Amino acid sequence: MNELMVLGIESSCDETSVALLKGESSILGHSILSQDVHRIYGGVVPELAARAHLPVLDDVVRSALEPSGTSLSQVDALGVTAGPGLVGALLVGVCWAKAAAYALDRPLVPVHHMEAHLFAPSLEDPEAQPPFVALLVSGGHTLLLHAEEWGRYRLLGETRDDAAGEAFDKVAKTLGLPYPGGPSVEKAARKGDPARHPFPRPMLHRNQSPDDPAYCDVSFSGLKTAVAVRVEELRAEGRLEAERAHVAAAFQEAAIDTLVSKTLRGVEATGCTRVLLGGGVSANRALREEMGRRLGSGGRVFLASPRLSMDNGAMIARAAAFRLSLGETAEPELNADASLPFPGLERRSA
Ligand code: KG4
Ligand code: ZN
């Protein structure tokens with residue numbers, strides 16, 4: 001079989017990334033450039049993110065092609081994140097990809113960023129294929145879904161408010177820990193004792209029946225507020241410095257307990273014991289370990305390496321190759337869509 005070479009382009013948030021993928025899993029070149037400018041503000045500033053993609057995208061493409069000595073004209077197809085994400089940031093990738101596809105006369109495939117996260121583990125593990133229950137946890141989304149096959153997904157649960165990554169980022173800011181928040185909280189938590197600050201487990205003690213529409217939903221705003229209140233108390237008492245790592249550990253434990261418990265409800269509801277973790281938060285080692293431990297030897301957890309758990313062009317190329325195999329290509333008027341609907345996702349009727 002003649003394996004297609006697909007160039008995947010990702011610019012939905014604060015990573016500019018491009019990969020050249022041959023076939024389903026052979027990554028011939030891959031560059032991920034993380035923007036540093038947001039560090040000064042303690043979070044991603046959308047306008048700055050968009051501007052920072054622009055001057056580097058050409059060079060990121062070049063460095064993805066370089067290792068294999070491939071020229072742009074040898075690429076068979078291009079895939080680009082068309083949404084969801086920050087609209088200005090998305091537009092940079094979409095405009096670049098549209099221009100290149102037109103100039104090269106190659107198909108352009110619009111990719112849904114969260115569907116691409118589902119494909120990331122399969123780049124490293126050929127067995128990371130449906131059926132699986134997937135927990136997708138990123139800065140903008142928290143979704144629990146059942147994938148019966150590629151392209152056919154059923155929503156089991158989602159967040160009622162903040163995304164899991166957003167909660168990590170906001171808690172990091174509250175605690176005065178540096179951007180990016182998730183890795184900072186994880187690092188601080190390693191030195192902390194979670195038992196010192198018992199925080200609530202949102203939506204675990206209510207919504208306990210599988211008939212309840214919120215059975216697999218999560219919510220992080222109450223937990224985030226509980227952390228903020230505790231941090232204010234500790235600050236007033238002059239104990240914040242001493243307790244920071246303990247608060248980080250307690251928040252992380254509560255968030256992970258919630259995510260793992262809800263995933264296990266999804267496993268029980270579907271009878272599917274194959275679990276896939278995707279999105280930036282899935283780089284969290286404590287989450288990875290806890291999921292494996294609680295799923296036990298009767299199940300399997302599929303994970304991407306930390307590099308492929310974060311936003312990257314390789315997963316975009318992989319998702320594009322799949323969509324292209326279904327004959328899906330972009331219309332010339334393709335636009336970035338900050339709230340692009342998840343393709344093939346059947347939502348609950350409740
Ligand atoms: O998937 P991703 O790279 O970008 C989006 O699609 O949003 O996810 C980014 C999110 C951020 O909120 C970041 O703080 C979080 O993933 N994250 C983590 C860790 N590494 C990244 N959260 C917890 N622990 C980590 N080690
Ligand atoms: Zn992402």
Side-chain angles (χ1 to χ4, degrees), residues 8-17 19 32-35 38-39 41-44 46 49 53 80-87 89-90 93 111-121 134-143 159 162-175 177-190 192 218 220 223-224 227 248-249 251-260 276-291 303-316 318-319 336 338-340 342:
I9 299 149
E10 158 64 32
S11 71
S12 67
C13 190
D14 56 345
E15 264 89 29
T16 318
S17 179
I32 306 175
L33 200 65
S34 294
Q35 301 175 351
H38 310 291
R39 198 173 285 274
Y41 304 99
V44 178
H53 288 302
V80 66
T81 308
L86 305 171
V87 74
L90 287 164
V111 169
H112 188 282
H113 181 86
M114 298 311 291
E115 184 183 40
H117 274 301
L118 282 182
F119 279 98
L135 175 68
L136 289 178
V137 271
S138 72
H141 295 84
T142 300
L143 296 166
T159 182
D162 292 357
E166 198 179 349
F168 270 88
D169 294 337
K170 287 181 180 165
V171 163
K173 212 167 176 178
T174 306
L175 283 170
L177 294 167
Y179 162 91
S184 292
V185 170
E186 179 173 22
K187 191 167 164 226
R190 277 190 219 123
V218 295
F220 290 107
L223 174 59
K224 189 184 65 186
V227 173
F251 159 75
Q252 179 172 277
E253 189 186 76
I256 289 176
D257 185 16
T258 304
L259 290 169
V260 172
L276 179 137
L277 288 185
V281 182
S282 74
N284 185 289
R285 207 155 44 161
L287 171 63
R288 297 159 85 99
E289 286 171 4
E290 186 68 358
M291 191 68 82
L303 299 157
S305 60
R307 180 171 156 85
L308 293 185
S309 297
M310 61 194 269
D311 289 350
N312 67 85
M315 68 181 193
I316 304 303
R318 177 65 188 87
S339 47
L340 189 69
F342 202 120

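Bear in mind the structure is a predicted one, so any value in this text is a computation, not a measurement. One-based numbering, in listed order, for ligands and for the atoms of each.
For the Zn ion (ligand 2), protein N, O or S atoms closer than 2.8 Å were enumerated as His113 NE2, His117 NE2, Asp311 OD1, with waters left out.
No side-chain heavy atom of Asp169 sits less than 4.5 Å from a side-chain heavy atom of Tyr179. Counting only heavy atoms from C-beta outward, the side chains of Ile9 and Ile316 never approach each other to under 4.5 Å. When side chains are defined from C-beta on, Phe119 does not count as touching Leu276, because their heavy atoms never get closer than 4.5 Å. Side-chain contact between Glu166 and Ser138 is absent, with no heavy-atom pair separated by less than 4.5 Å.
Taking the six-membered ring where tryptophan is involved, the planes of Phe342 and His112 are tilted, since the angle between them lies from 30° to 60°.
Within the 3.5 Å criterion, the main-chain N or O of Gly165 finds no donor-acceptor partner in the side chain of His141. A donor-acceptor contact shorter than 3.5 Å links the side chain of Arg288 to the backbone of Ser282.
Considering only residues two or more places apart in sequence or on other chains, Ala286 meets the side-chain contact (heavy atoms from CB on, under 4.5 Å) condition with Gln252, Ile256, Asn284.
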Can you give me every donor-acceptor pair (side chain of residues 303-314, partner residue at least two apart or in another chain, under 3.5 Å) with its distance?
from: Ser305; atom 1: OG; to: Glu124; atom 2: OE1; distance (Å): 3.4
from: Ser305; atom 1: OG; to: Glu124; atom 2: OE2; distance (Å): 2.6
from: Arg307; atom 1: NH2; to: His30; atom 2: O; distance (Å): 3.2
from: Ser309; atom 1: OG; to: Ala304; atom 2: O; distance (Å): 3.3
from: Ser309; atom 1: OG; to: Ser305; atom 2: O; distance (Å): 3.0
from: Asp311; atom 1: OD1; to: His113; atom 2: NE2; distance (Å): 3.0
from: Asp311; atom 1: OD1; to: His117; atom 2: NE2; distance (Å): 3.1
from: Asn312; atom 1: OD1; to: Ala314; atom 2: N; distance (Å): 3.1
from: Asn312; atom 1: OD1; to: Met315; atom 2: N; distance (Å): 2.8
from: Asn312; atom 1: ND2; to: Leu308; atom 2: O; distance (Å): 3.0
from: Asn312; atom 1: ND2; to: Met310; atom 2: O; distance (Å): 2.8

Note down each nitrogen or oxygen pair, ligand 1 side and protein side, whose separation is under 3.5 Å; give only atom names and the distance to 0.1 Å.
from: ligand 1; atom 1: 1 (O); to: His117; atom 2: NE2; distance (Å): 3.0
from: ligand 1; atom 1: 1 (O); to: Gly280; atom 2: N; distance (Å): 2.9
from: ligand 1; atom 1: 1 (O); to: Asp311; atom 2: OD1; distance (Å): 3.0
from: ligand 1; atom 1: 3 (O); to: Asp311; atom 2: N; distance (Å): 3.2
from: ligand 1; atom 1: 3 (O); to: Asp311; atom 2: OD1; distance (Å): 3.2
from: ligand 1; atom 1: 4 (O); to: Asp311; atom 2: OD1; distance (Å): 3.1
from: ligand 1; atom 1: 4 (O); to: Asp311; atom 2: OD2; distance (Å): 2.9
from: ligand 1; atom 1: 6 (O); to: His113; atom 2: NE2; distance (Å): 3.0
from: ligand 1; atom 1: 6 (O); to: Asp311; atom 2: OD1; distance (Å): 3.3
from: ligand 1; atom 1: 7 (O); to: Gly139; atom 2: N; distance (Å): 2.8
from: ligand 1; atom 1: 8 (O); to: Gly280; atom 2: N; distance (Å): 3.4
from: ligand 1; atom 1: 12 (O); to: Gly165; atom 2: O; distance (Å): 3.1
from: ligand 1; atom 1: 12 (O); to: Asp169; atom 2: OD1; distance (Å): 3.4
from: ligand 1; atom 1: 12 (O); to: Asp169; atom 2: OD2; distance (Å): 2.7
from: ligand 1; atom 1: 14 (O); to: Asp169; atom 2: OD1; distance (Å): 2.6
from: ligand 1; atom 1: 14 (O); to: Gly182; atom 2: N; distance (Å): 3.0
from: ligand 1; atom 1: 16 (O); to: Val281; atom 2: N; distance (Å): 3.4
from: ligand 1; atom 1: 20 (N); to: Gly280; atom 2: O; distance (Å): 3.4
from: ligand 1; atom 1: 24 (N); to: Asn284; atom 2: ND2; distance (Å): 3.0
from: ligand 1; atom 1: 26 (N); to: Glu186; atom 2: OE1; distance (Å): 2.7

